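Take a look at the structure below.
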Protein chains: 2
Amino acid sequence: MNARQPGRRPGAPDTRTEILEAARSVFAENGFDRATLRLIAAEAGVDPALIHHYFGNKDQLFAASIDIPDAATDRVLGLLVDDPADLGRHLAETFFSIWEQEEPRTALLGILRSAMGGEDQAVEAFRQFLTSVMMAQLAPKIAGEDARLRALLMASQLVGVAMTRYVMRLEPIASAPIDDVIDLVAPRLQSYVDEDFA
Amino acid sequence: MNARQPGRRPGAPDTRTEILEAARSVFAENGFDRATLRLIAAEAGVDPALIHHYFGNKDQLFAASIDIPDAATDRVLGLLVDDPADLGRHLAETFFSIWEQEEPRTALLGILRSAMGGEDQAVEAFRQFLTSVMMAQLAPKIAGEDARLRALLMASQLVGVAMTRYVMRLEPIASAPIDDVIDLVAPRLQSYVDEDFA
DNA sequence: AACATAATTCAACAGGTGTTGAATTCAAGG
DNA sequence: CCTTGAATTCAACACCTGTTGAATTATGTT
């Protein structure tokens, strides 16, 4: 009573995931508010009502379209446990390796754009990512009273680069090889861990 | 044929600027898309149609509500010309001294929130601020081939802090004394200017 | 071939949006 | 006082939004 693929060549995504991909794309480009269900439906080649059939409402569609980063954040957590003093570089490399992949980038762009607009789910997803990864994993490895503040400043640097490179696409940072960016950012991240300024 | 203040006590703002202040406030809290003219009108204690009488349309109202930072950016340009090697600290101090004032902060929040949503004017205002101040003023003081990239990474750090502290209000950065933040950020900014990593 | 069920579309709704033009209040000038 | 013009409101418009329920098509099962 399942497996209903009509004239769909094998390997091609089914309608549900086609909607999901269209949603991710439109959310990434426009943010939650400007992304209309009719736009998403059009990009998926589908009637708007079908979206409700599969996902219920716009909020649930958005929720379904941003659950990809969960897997990505797990990678961050995983890669952070084992390194001692080279934390800045590892953090930068992992962070940007995620952003440079198209699939998570699209989802993250949707989150970032929508979070700024005030969409509750996006704000919460963003907050949870930063606090769970940055605060829980990073802060314990930093000595001193202001460990959590330093960890969040590291996160701020990364978020800032994500904004200028991926969201606003400002030159020359948007077109720079990601390795150049990593080489420049990593030492500054590391300095938040190492150095004690009075 | 002018000077029309009815029962307004002296020093109190006239209706036009009351609308402007309400607009700034609502834009800052909700971003361009979610900020409705009816909300702004209500906060100003005024009929929505009066907004059109004074400002024409929503775009022009937004434009009028974000021209305050122009004066602020001039301050940045001014304070940057005269210092040699202490650039990181001066930049951080000036940047945050602007953000810590309520009036420009409100306008900047509106710009930032709306720019992420894709509002063209906001994107352009933001891009122009970053390129004119950061690129034109900062980059020339940095040696090396990647001067512009380094300057934009400095800007990214500042933008990232603005996002976490003022937009998303993440703790502990949101409640930290601004001087603590400056003390931590300034050396990293300066390192973008000074250090040559191969 | 006939049925059942999922996939998909159609047409329409109720609500909110920016915007408009006419109507009304109000303050000043002759 | 009465007229002029600005300040302000009223009521309504056309449009777009998310959403819904019924109708229609397609598909797999018996």
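Because the structure is a prediction, the values reported are computed rather than measured. Chain identifiers are assigned alphabetically (A, B, ...) following the order of the sequence lines, protein sequences preceding nucleic acid strands; residue numbering begins at 1 within each chain.
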Q | Sequence-distant partners of B:S156, side-chain hydrogen bond (donor to acceptor under 3.5 Å, both in side chains), two or more places apart | A | A:T164
Q. By a strict heavy-atom criterion of less than 4.0 Å, which residues belonging to residues 52-61 of chain A are in contact with DNA chain D?
A. A:H52, A:N57, A:K58
Q | Pair A:L20-A:Y54, side-chain contact (heavy atoms from CB on, under 4.5 Å): steps then yes or no | A | CA-CA 10 Å; A:L20 221 43; A:Y54 280 118; over 6 Å; no
Q. Between atom CG in B:L50 and atom C1' in D:dA7, what is the gap in whole Å?
A. 7 Å
(Q) Is there a side-chain contact (heavy atoms from CB on, under 4.5 Å) between B:L170 and A:R127? Walk through the geometry before answering. (A) CA-CA 7 Å; B:L170 291 179; A:R127 185 186 309 269; 3.4 Å; yes
Q: Supply the atom-to-atom distance A:L153 CG to B:R188 CZ, rounded to the nearest 0.5 angstrom.
A: 8.5 Å
(Q) Between B:M163 and A:M116, is the side-chain contact (heavy atoms from CB on, under 4.5 Å) condition met? List the steps. (A) CA-CA 9 Å; B:M163 295 243 328; A:M116 296 302 94; 3.6 Å; yes
Q.
Less than 3.5 Å apart, any donor N or O on the side chain of B:R24 or B:T106 sitting next to an acceptor on the other?
A. no
Q.
Parallel, tilted or perpendicular, judged at 30° and 60°: which one describes the rings of A:F62 and A:F32?
A. perpendicular
**Q.** For DNA chain C, the residues among residues 30-49 of chain B that have a non-hydrogen atom under 4.0 Å from it
**A.** B:A35, B:T36, B:L37, B:R38, B:A49
Q. Looking only at atom types and distance, does a side-chain atom of B:T17 sit under 3.5 Å from a main-chain N or O of B:D14, one as donor and one as acceptor?
A. yes
Q. Counting just side-chain N and O atoms, does B:T15 come under 4.0 Å of either OP1 or OP2 of D:dT8?
A. yes
Q: Take the protein atom CD1 of B:I51 and the nucleotide atom P of D:dT9, then report the distance between them rounded to whole Å.
A: 11 Å
